[in-house]
Peer 1: 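Sharing a structure below in structure tokens format, with a few things to ask.
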Amino acid sequence: MNFDEERKTMVEVQLRGRGLKDERVLKAMEEIPRHRFVSKEQEQSAYSDHPLPIGEGQTISQPYMVALMTECMELEGNEKVLEIGTGCGYQAAILAKLAKEVYSIERVEKLSLKAKEILAELGYTNVKLKVGDGTKGWEEYSPYQALIVTAGSPDIPQTLLDQLSEGGRMVIPVGGSFSQELVVARKRKGKVERRKVCGCVFVPLIGEFGWKR
Ligand code: SAH
């Protein structure tokens, strides 16, 4: 199987074909080997138009959703960004290409360790991972110019808003435990503007300021 070809087709058909335009995001999606982040059994489906299981009952989002969420972060290259839900580390790798520093929190240690391994193998040096409850954010390195939550939350955790810089963007699926709306929240002059992007389905964000379980 020619993964490079598959990746090119994925970008043309699934991303560009559906209206995504941020050239930096499209380039990152074309370069990063998504198949390296999933198990051998899933490798053949790595560039298909759907989410994939990554173990521990969790999933990696469909390529379109990864690209759409990243586009909504409006990254130019100098940002410090925070991701909640490292999972297999694929989204973190995309962010590492597009921002200056990436901080990512995962509650399942096993997933975080695996992500760390592959990110090191692929040579990313600007990603820092931590195991813990991401609904509390990562105060130490805040504020962040952009923040992405890759699990569904009942609401936007205030702690995360507090760690966003002025003008910062947060992308987060908000809603019930089975389906949500993708929301972009932007901090402007201390106020929070919210914009709904589309419907989506994510695994639940479990933590103090998310779902209690
Ligand atoms: N961005 C990931 C997608 C992972 S799916 C990727 O590219 O693979 C969402 C992840 O969020 C799951 O791994 C889940 O364990 C994690 N998660 C759920 N609640 C969390 C919380 N409170 N803090 C950190 N991670 C959480």
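When reading the values below, keep in mind they use all heavy atoms of this one structure, side chains included, and skip hydrogens, waters and symmetry mates. Owing to the predicted nature of the structure, the values given are computational and were not obtained by experimental measurement.
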Peer 1: Looking at Gly152 and Phe202, what are the two nearest heavy atoms and their distance?
Peer 2: N-CB, 3.6 Å
Peer 1: Kindly write out the residues that satisfy side chain to side chain contact (heavy atoms under 4.5 Å, CB included) with Lys97, not counting sequence neighbours, or none if the list is empty.
Peer 2: Ala28, Glu31, Ile32, Tyr124
Peer 1: With rounding to the nearest 0.5 angstrom, report the CG to OG distance, Leu52 to Ser45.
Peer 2: 6.0 Å
Peer 1: Could you go step by step and tell me if Arg18 and Asp49 meet the salt bridge (Lys or Arg N to Asp or Glu O under 4.0 Å) rule?
Peer 2: CA-CA 12 Å; Arg18 290 196 188 118; Asp49 196 11; 2.4 Å; yes
Peer 1: Tell me the closest heavy-atom pair linking Ala67 and Leu20, and the distance in Å.
Peer 2: CB-CD1, 3.4 Å
Peer 1: Using links of under 4.5 Å between side-chain heavy atoms of ILVMFWY residues, direct or through other members, which residues join Trp138 in one cluster?
Peer 2: Leu82, Ile84, Tyr103, Ile105, Tyr141, Tyr144, Leu147, Val149, Ile156, Leu160, Leu161, Leu164, Met170, Ile172, Val174, Val183, Val192, Leu205
Peer 1: Take atom NZ of Lys80 as the centre, draw a 6.0 Å sphere, and report whether it contains more than 12 heavy atoms from other residues, nucleotides or ligands.
Peer 2: yes
Peer 1: Look only at the side chain of Thr159 and the backbone of Thr135, and say whether a donor-acceptor pair between them is shorter than 3.5 Å.
Peer 2: yes
Peer 1: Report yes if some heavy atom in the side chain of Lys100 is under 4.5 Å from a heavy atom in the side chain of Glu79; otherwise report no.
Peer 2: no
Peer 1: Would you kindly confirm whether Ile118 and Val131 end up in one hydrophobic cluster when ILVMFWY residues are joined by side chain heavy atoms under 4.5 Å apart?
Peer 2: no
Peer 1: Out of curiosity, does Val171 fall in the hydrophobic cluster containing Phe209 (side-chain heavy atoms, cut-off under 4.5 Å, transitive links)?
Peer 2: no
Peer 1: Please give me the minimum heavy-atom distance between Ala146 and Met73, naming the atom from each residue.
Peer 2: CB-CE, 3.8 Å
Peer 1: Starting at CE of Met65, measure out to CD of Gln14 and round the result to the nearest 0.5 Å.
Peer 2: 12.5 Å
Peer 1: Does Glu109, at its CD atom, have more than 12 non-hydrogen atoms belonging to other residues, nucleotides or ligands within less than 6.0 Å?
Peer 2: no
Peer 1: So, are Lys40 and Glu43 salt-bridged, with charged N and O less than 4.0 Å apart?
Peer 2: yes
Peer 1: Heavy-atom distance under 4.5 Å between the side chains of Ser61 and Pro51, does that happen here?
Peer 2: no
Peer 1: For a 4.5 angstrom cut-off between non-hydrogen side-chain atoms, does Leu75 reach Leu95?
Peer 2: yes
Peer 1: In terms of heavy-atom contacts, does NZ of Lys191 have more than 12 from other residues, nucleotides or ligands at under 6.0 Å?
Peer 2: no
Peer 1: Please round to the nearest 0.5 Å and tell me the distance separating atom NE2 of His50 and atom OG1 of Thr59.
Peer 2: 12.0 Å
Peer 1: Can you tell whether the side chains of Arg7 and Glu30 come within less than 4.0 Å, N to carboxylate O?
Peer 2: no
Peer 1: Indicate whether any N or O donor in one side chain lies under 3.5 Å from an N or O acceptor in the other, for Glu106 and Ser112.
Peer 2: no
Peer 1: Is there a chain of hydrophobic side chains (I, L, V, M, F, W, Y, each step under 4.5 Å between heavy atoms) that links Val184 to Val25?
Peer 2: yes
Peer 1: Assess whether a salt bridge exists between Lys187 and Glu166, defined as any Lys/Arg side-chain N lying under 4.0 Å from an Asp/Glu carboxylate O.
Peer 2: no
Peer 1: Grouping I, L, V, M, F, W and Y whenever their side-chain heavy atoms are under 4.5 Å apart, do Val66 and Phe3 come out in a common cluster?
Peer 2: yes
Peer 1: Counting C-beta onward and ignoring hydrogens, is there a side-chain heavy-atom pair between Pro53 and Gln42 closer than 4.5 Å?
Peer 2: yes
Peer 1: Using a strict threshold of under 4.0 Å (side-chain N to carboxylate O), is an ion pair present between Glu56 and Lys110?
Peer 2: yes
Peer 1: Establish, from distance only, whether the side-chain atoms of Ser104 and Gln91 form a donor-acceptor pair under 3.5 Å.
Peer 2: no
Peer 1: For Lys130, is the NZ atom crowded, meaning more than 12 foreign heavy atoms sit under 6.0 Å from it?
Peer 2: yes
Peer 1: For a 4.5 angstrom cut-off between non-hydrogen side-chain atoms, does Gln58 reach Leu111?
Peer 2: yes
Peer 1: With the threshold set at 4.0 Å, does a side-chain nitrogen-carboxylate oxygen contact exist between Lys136 and Asp162?
Peer 2: no
Peer 1: Can you check salt bridge (Lys or Arg N to Asp or Glu O under 4.0 Å) on Asp22 and Arg16, steps first, answer last?
Peer 2: CA-CA 9 Å; Asp22 187 327; Arg16 230 184 260 285; over 6 Å; no
Peer 1: Shortest non-hydrogen contact from Gln145 to Pro143?
Peer 2: NE2-O, 4.0 Å
Peer 1: Is it true that Glu76 and Arg24 make a salt bridge, defined as a side-chain N closer than 4.0 Å to a carboxylate O?
Peer 2: no
Peer 1: Please answer whether the main-chain N or O of Gly134 pairs with a side-chain N or O of Arg107 as donor and acceptor at a distance below 3.5 Å.
Peer 2: no
Peer 1: Side chain of Arg188, backbone of Arg186: donor and acceptor closer than 3.5 Å?
Peer 2: no
Peer 1: If you take all heavy atoms of Leu119 and Gly89, which pair is closest and at what distance?
Peer 2: CD2-O, 3.7 Å
Peer 1: With a 4.5 Å cut-off on side-chain heavy-atom distances among I, L, V, M, F, W and Y, is there a chain of contacts connecting Ile206 to Leu129?
Peer 2: no
Peer 1: Measure from NZ or CZ of Arg34 to the centre of the six-membered ring of Tyr47, then state whether that distance is under 6.0 Å and the direction lies within 45° of the axis.
Peer 2: no
Peer 1: Could you give the distance from CG (Leu182) to SG (Cys72), rounded to the nearest 0.5 Å?
Peer 2: 6.0 Å
Peer 1: So, taking the atom named OG1 in Thr70 and the one named CD in Glu83, what distance separates them when rounded to the nearest 0.5 Å?
Peer 2: 9.0 Å
Peer 1: Among pairs that include at least one residue of residues 83-102, which meet ring-ring contact (aromatic ring centres under 6.0 Å, His included), considering only residues two or more places apart or in two chains?
Peer 2: Phe37-Tyr90
Peer 1: Is any NZ, NE, NH1 or NH2 atom of the basic residue among Glu140 and Lys128 found under 4.0 Å from an Asp or Glu carboxylate oxygen of the other?
Peer 2: no
Peer 1: Please say whether more than 12 non-hydrogen atoms of neighbouring residues, nucleotides or ligands are located less than 6.0 Å from CD in Glu121.
Peer 2: yes
Peer 1: Using a 4.5 Å cut-off on heavy atoms from C-beta on, say whether the side chain of Leu122 contacts that of Arg36.
Peer 2: yes
Peer 1: Atom NZ of Lys8 and atom CD of Glu6: how far apart are they, to the nearest 0.5 Å?
Peer 2: 12.5 Å
Peer 1: Could you pull out the closest heavy-atom pair between Val127 and Ala96, with the gap in Å?
Peer 2: CG2-CB, 3.6 Å
Peer 1: Under 4.5 Å between any side-chain heavy atoms of Leu26 and Met29, yes or no?
Peer 2: no
